[in-house]
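Each remark here refers to the structure printed beneath this line.
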Amino acid sequence: MLPILHVDMNAFYASCHQAVNPELRGKPVLVAGDPKKRNGIVLTASYEARKYGVKTAMPNWEARQLCPHGIFLKPDYDLYVRFSSKVMEILGRFTPLVEAFSIDEAWLDVTGCEGLFGDSVTIGKKIQQTIYQELALPCSVGISSNKLLAKMASDLKKPMGFTVLAPEDVPEVLWHLPVEELFGVGRQMAQKLQKMNINTIG
């Protein structure tokens with residue numbers, strides 16, 4: 001069994017607003033720093049807004065050009081913390097070994113939990129379903145043998161993605177991807193690697 005899961009909430013800030021206000025569901029929601037100012041930036045965009053090319057950290061004025069009918073909202077950090085706590089509580093129902101990585105993602109080690117909840121795939125599906133049913137929040141789940149691969153797996157399919165990445169599948173699945181998509185490789189490191197003619201994860 002591949003025992004490590006990574007749960008990553010999808011467009012978390014925007015999804016929280018959509019969860020508490022059903023009228024926002026299915027609409028392009030952009031959570032932005034001071035939406036009234038043209039010089040603010042997008043903190044999170046719902047997947048409906050991302051279809052128009054809106055991205056995190058994009059200036060508000062540019063986002064408005066791409067998605068003129070987008071719904072701009074001020075961030076509500078108390079709301080996000082409340083939802084994050086509820087998500088972590090759900091994760092804790094399945095294993096005591098939960099490592100929060102940020103407000104909207106965490107790793108789980110489900111070693112020894114098979115007798116209670118089934119194998120890691122079954123547990124991952126139960127977690128995804130429970131979070132959506134109880135909180136109306138989408139998440140992606142990655143399952144593998146270690147934290148790095150589980151994190152990479154959860155990033156492969158969004159929203160509501162579910163990916164099992166066995167170590168023997170890594171060459172086929174990951175090696176062709178750009179080096180900057182490797183977890184832990186930032187912009188500066190990617191540039192250094194590219195100068196060394198290292199352009200892909202493989």
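The first residue of the sequence shown is numbered 1, and numbering continues consecutively from there. Nothing here was measured: the structure is a model prediction, and the numbers come from that model.
- Closest approach of S145 and P3 over heavy atoms only: CA-CD, 4.2 Å.
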Practice task
For K147 and F183, run side chain to side chain contact (heavy atoms under 4.5 Å, CB included): C-alpha distance rounded to whole Å, both residues' side-chain angles, the deciding distance at 0.1 Å, then the answer.
Solution key: CA-CA 10 Å; K147 290 164 59 177; F183 176 58; over 6 Å; no
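- Considering only heavy atoms from C-beta on, F72 comes within 4.5 Å of R64 through its side chain.
- Listed by first and then second residue, the side-chain hydrogen bond (donor to acceptor under 3.5 Å, both in side chains) pairs involving residues 174-192 are E180-Q194 (not counting sequence neighbours).
- Within the 4.5 Å cutoff, the side chain of N199 has no heavy atoms near those of the V179 side chain.
- Note that K158 lies outside the cation-pi zone of Y47, set by a 6.0 Å cut-off to the ring centre and a 45° limit from the axis.
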Handout entry: Intermediate values then yes/no, side chain to side chain contact (heavy atoms under 4.5 Å, CB included), L177 and L182
Key = CA-CA 8 Å; L177 296 176; L182 179 62; over 6 Å; no
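- A single hydrophobic cluster is not seen to contain both V7 and L149; linkage of ILVMFWY side chains at heavy-atom distances under 4.5 Å, directly or through other members, places them apart.
- Heavy-atom minimum distance, V54 versus A45: CG1-CB, 3.7 Å.
- Listed by first and then second residue, the side-chain hydrogen bond (donor to acceptor under 3.5 Å, both in side chains) pairs that reach into residues 82-98 are E89-R93, R93-E134, sequence neighbours excluded.
- Between Y80 and F83, the gap from one ring centroid to the other reaches at least 6.0 Å.
- Residues S140 and D8 have side chains that never bring a donor and an acceptor to within less than 3.5 angstrom of each other.
- The line from CD1 of I41 to NZ of K55 is 14.5 Å long, rounded to the nearest 0.5 Å.
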Practice task
Please assess L73 against L24 for the test side chain to side chain contact (heavy atoms under 4.5 Å, CB included), listing each intermediate value before the final yes or no.
Solution key: CA-CA 11 Å; L73 301 174; L24 296 176; 3.9 Å; yes
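- Scanning both residues, L108 and I127, for their nearest heavy atoms gives CD2-CD1, 3.8 Å.
- Checked against side-chain hydrogen bond (donor to acceptor under 3.5 Å, both in side chains), S15 has no partners two or more places apart in sequence or in another chain.
- One N or O on the side chain of S144 and one on the backbone of L165 form a donor-acceptor pair closer than 3.5 Å.
- Linking ILVMFWY residues whenever their side-chain heavy atoms come closer than 4.5 Å, directly or via other members, leaves V170 and M1 in distinct clusters.
- Taking each heavy atom of G26 and Q18 in turn, the nearest pair found is N-NE2, 4.0 Å.
- Of the inter-residue distances, the one linking L91 atom CG with L97 atom CG reads 12.0 Å to the nearest 0.5 angstrom.
- Taking the side chain as every heavy atom from C-beta outward, T163 and V173 never approach each other to under 4.5 Å.
- Between the side chain of E114 and the backbone N or O of D119, no donor-acceptor pair lies under 3.5 Å.
- Distance CD/E105 to CG/N10: 11.0 Å, rounded to 0.5 Å.
- Counting heavy-atom neighbours within 6.0 Å of E168 CD, excluding the residue itself, gives a total above 12.
- In terms of heavy-atom proximity, A106 sits nearest to A100 at CB-CA, 3.8 Å.
- Taking both residues in full, the closest heavy atoms of S120 and I143 are given as O-CD1, 3.5 Å, listed atom of the first, atom of the second, then distance.
- Using a 4.5 Å cut-off on side-chain heavy atoms (C-beta onward), V121 and L2 make no contact.
- The side-chain heavy atoms of L137 and F12, taken from C-beta on, include a pair separated by under 4.5 Å.
- Put simply, the side chain of M152 reaches to within 4.5 Å of the side chain of I201, judged on heavy atoms.
- With values rounded to the nearest 0.5 angstrom, L174 atom CG is found 6.0 Å from L156 atom CG.
- With E62 contributing its side chain and N60 its backbone, the two residues share no donor-acceptor pair below 3.5 Å.
- Side-chain contact between H6 and K151 is present, with heavy atoms from C-beta onward closer than 4.5 Å.
- The 12-atom threshold is exceeded at CE of M160, counting heavy atoms of other residues, nucleotides or ligands nearer than 6.0 Å.
- When side chains are defined from C-beta on, L5 does not count as touching F94, because their heavy atoms never get closer than 4.5 Å.
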Practice task
Starting from the C-alpha separation in whole Å, work towards a yes-or-no answer on side chain to side chain contact (heavy atoms under 4.5 Å, CB included) for C67 and H69.
Solution key: CA-CA 6 Å; C67 187; H69 58 295; 4.1 Å; yes
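- Note: T44 OG1 to H17 NE2 = 8.5 Å, rounded to the nearest 0.5 Å.
- Judged by distance alone, with hydrogens and angles left aside, the side-chain atoms of N146 form no donor-acceptor pair with the main-chain N or O of I4 at under 3.5 Å.
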